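A short worksheet on the structure shown next.
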2 protein chains.
Amino acid sequence: MKKSLTDWPIGIKKTNQRQKVLLILENSDKPLGATEIFSQIADDGDSAWLSTVYRTLDLFVKHGIINKINVMNSEIAIYELNRLNHKHYAVCLNCHKIISMINCPMTEFDPKLEESDFQIMGHNLEIYGLCKDCTSKK
Amino acid sequence: MKKSLTDWPIGIKKTNQRQKVLLILENSDKPLGATEIFSQIADDGDSAWLSTVYRTLDLFVKHGIINKINVMNSEIAIYELNRLNHKHYAVCLNCHKIISMINCPMTEFDPKLEESDFQIMGHNLEIYGLCKDCTSKK
DNA sequence: TTCGGTGCAAACGCTTTGCAAAAGG
DNA sequence: CCTTTTGCAAAGCGTTTGCACCGAA
């Protein structure tokens, strides 16, 4: 199996299935759903059960290696590597295509909350609308 | 039944169940899940099947009366009235409490996308972290 | 009277869980 | 070896769907 670029996190057993999941996320330029990862493993001739993929993803999320994103108007959760420069996405309401955003509004923004003393650990931003193809088709 | 503040949208049949759903959302200061709305109807002594609540919510979303939000690390969708000044929320990763945000970073932000000609129709922002109670308990 | 809405039940799809067998350290 | 992880099956749970009856206009 190809070697993973990320250093293997301490305290996590290095199994074939887990390495494979991490590798797929590293090589993807967009967030992936559990089922996508599952079938990509099968396509590569390897094997890992869907439940294993889910358990692995949960584990990685807990260790902060990857992020879980809940895209609106979609029932599935998608996962992406927690890279240093985090990204946001625009979703097409019609074809559900995901487009990367280059900048992030939160870098110079100070959120005011109704409750004080909230310890902010991160944020999620999602833009929705119609992509080039879907605007022209209508 | 108490009268709803929102003008009833044209082209939608005014049924008891739909008025009830809208009323509950109007009187709520936080987004609600379908099941919450369902049981609140029951608590008030009225009746509407869960599937009816879902169909009503879908209808309202399509008409732009309410918004559907998918909170991260939660499997359920929540709904809120589409008020003029839209809001964002902070979610506690520990107790899942939802706290309102008063300002919005997107008012003076120009997103740069990898694909041009994306027609932006809206956005969703979510902050996550630990609320006051959960920070102190740890 | 007509057509859409609702009650109801059953299906659906993503995700989780329980348990014995397998594998990592 | 001993503990964690995996394969596998089955359940869980929010949500959707199909259909006959009902009710708003």
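The structure displayed is predicted, hence computed values, not measured ones. Note on naming: letters A, B, ... go to the chains in the order of the sequence lines (proteins, then strands), and numbering restarts at 1 for each one.
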For this session: Name the orientation class of the two ring planes belonging to B:F38 and B:W49 (parallel below 30°, tilted from 30 to 60°, perpendicular beyond 60°).
Result: perpendicular
Can you tell me how far [atom2] of [N] sits from [atom1] of [X], to the nearest Å?
{"X": "A:I76", "N": "C:dC12", "atom1": "CD1", "atom2": "C1'", "answer": "15 Å"}
{"X": "B:F38", "N": "D:dC13", "atom1": "CZ", "atom2": "C1'", "answer": "15 Å"}
{"X": "B:E36", "N": "D:dC13", "atom1": "CD", "atom2": "C1'", "answer": "15 Å"}

Seminar exercise, completed: In B/S/- notation (B base, S sugar-phosphate only, - none; protein heavy atoms under 4.0 Å), nucleotides 1-8 of chain D written 5' to 3' is --BSSBBB
For this session: Taking only the side-chain heavy atoms of A:E75 (C-beta and beyond), determine which of D:dT16, C:dT15, C:dT16 contains the nearest atom.
Result: D:dT16
Seminar exercise, completed: By nearest-heavy-atom nucleotide on DNA chain D, the more 5' of B:K14 and B:D58 is B:D58
For this session: Look up atom CG in B:L25 and atom OG1 in B:T56, then write down how far apart they are to the nearest 0.5 Å.
Result: 10.5 Å
For the side chain of [X] and the backbone of [Y], is there at least one donor-acceptor N/O pair under 3.5 Å apart?
{"X": "B:S28", "Y": "B:I24", "answer": "no"}
{"X": "A:R18", "Y": "A:K13", "answer": "yes"}
{"X": "B:E115", "Y": "A:K132", "answer": "yes"}

Exercise. Between A:Y54 and C:dT16, does any side-chain N or O lie under 4.0 Å from OP1 or OP2?
Worked result: no
Exercise. Can B:K20 and B:E26 be counted as an ion pair, charged N to O under 4.0 angstrom?
Worked result: no
